[in-house]
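In this text the structure is predicted, and so the values were computed from the model without any measurement.
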Amino acid sequence: MVLREAGTRLHQAITVDGLPRGEVMLDLATAGIAYVVGASYRGQGLARRAVTRMVTHAYDTFGLQRTYLETEADNVESAAVARAAGFRPTNEEPEFVEDKGRRYALHRWTHQRTL
């Protein structure tokens, strides 16, 4: 596990045989988890495993009781990662954001620590 802490964010490289394939991040201030996997490495379960490990790390190391993910409404793959990692959609209204001239809705998912 390669970790880098920057302020309130924790970054972990997603690696296969020591080679980087993506990154998973934890924002300690918001308990939000985000990830990215290189296009040619998707569909291998890397995102699910990385998110699951980061959730465990958030609970065991930082004592968090709940974590969050946000996915775009039409991103079926990200919704599948969220579900496979044990997240459930919230009833919150989507948050609309604009990035690089593109406007989209983010749906929030939550994962609660179980003892």
Side-chain angles (χ1 to χ4, degrees):
M1 183 184 319
V2 178
L3 295 175
R4 177 172 53 94
E5 200 167 338
T8 63
R9 292 180 190 246
L10 186 69
H11 300 259
Q12 177 182 354
I14 300 171
T15 61
V16 174
D17 297 328
L19 299 173
R21 302 296 187 234
E23 181 179 25
V24 61
M25 293 82 53
L26 169 64
D27 186 322
L28 295 169
T30 65
I33 295 176
Y35 65 90
V36 62
V37 174
S40 58
Y41 308 110
R42 295 179 188 156
Q44 301 174 27
L46 299 176
R48 178 195 47 80
R49 288 194 298 268
V51 168
T52 299
R53 289 182 77 186
M54 187 61 86
V55 166
T56 300
H57 192 68
Y59 296 158
D60 293 347
T61 303
F62 298 105
L64 298 178
Q65 299 301 308
R66 183 182 304 264
T67 53
Y68 300 94
L69 280 176
E70 292 179 325
T71 65
E72 289 186 53
D74 60 350
N75 191 330
V76 176
E77 293 84 3
S78 287
V81 168
R83 280 190 188 89
F87 284 78
R88 300 293 171 248
T90 68
N91 292 326
E92 298 175 28
E93 291 294 318
E95 177 184 354
F96 289 89
V97 297
E98 189 168 330
D99 184 37
K100 298 176 185 171
R102 187 171 78 89
R103 189 170 196 272
Y104 52 94
L106 291 175
H107 293 268
R108 194 167 192 175
W109 297 70
T110 186
H111 186 287
Q112 186 160 344
R113 181 179 196 152
T114 56
L115 299 176

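Side chain of Thr67 to main chain of Val55: no donor-acceptor pair is present (N/O by atom type, distance under 3.5 Å, no hydrogens or angles). Arg103 places no side-chain N or O within 3.5 Å of a backbone atom of Phe96 that could act as its donor or acceptor partner.
To the nearest 0.5 angstrom, Leu69 atom CG is 10.0 Å from Arg108 atom CZ. Here Ile33 contributes atom CD1 and Leu10 contributes atom CG; the two are 10.0 Å apart, rounded to the nearest 0.5 Å. Rounded to the nearest 0.5 Å, atoms CZ (Phe87) and OG1 (Thr71) are 11.0 Å apart. Taking NE2 from His111 and CG from Leu64, the interatomic distance works out to 12.0 Å, rounded to the nearest 0.5 Å. In this structure, the separation between CG on Leu46 and OH on Tyr35 is 11.5 Å, given to the nearest 0.5 Å. To the nearest 0.5 angstrom, Leu26 atom CG is 9.0 Å from Thr8 atom OG1.
Counting only residues at least two apart or in different chains, salt bridge (Lys or Arg N to Asp or Glu O under 4.0 Å) contacts with residues 59-76 comprise Asp60-Arg113, Glu72-Arg102.
With a 4.5 Å cut-off on side-chain heavy atoms, Val16 and Tyr41 do not count as touching.
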- Kindly determine whether Met54 and Gln12 satisfy side chain to side chain contact (heavy atoms under 4.5 Å, CB included), including the steps that lead there. CA-CA 8 Å; Met54 187 61 86; Gln12 177 182 354; 3.8 Å; yes

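Taking a 6.0 Å sphere around CD of Glu93, one finds it holds 12 or fewer heavy atoms contributed by other residues, nucleotides or ligands.
Using a 4.5 Å cut-off between side-chain heavy atoms of Ile, Leu, Val, Met, Phe, Trp and Tyr, with links allowed through other members, Phe62 and Met25 fall into different hydrophobic clusters.
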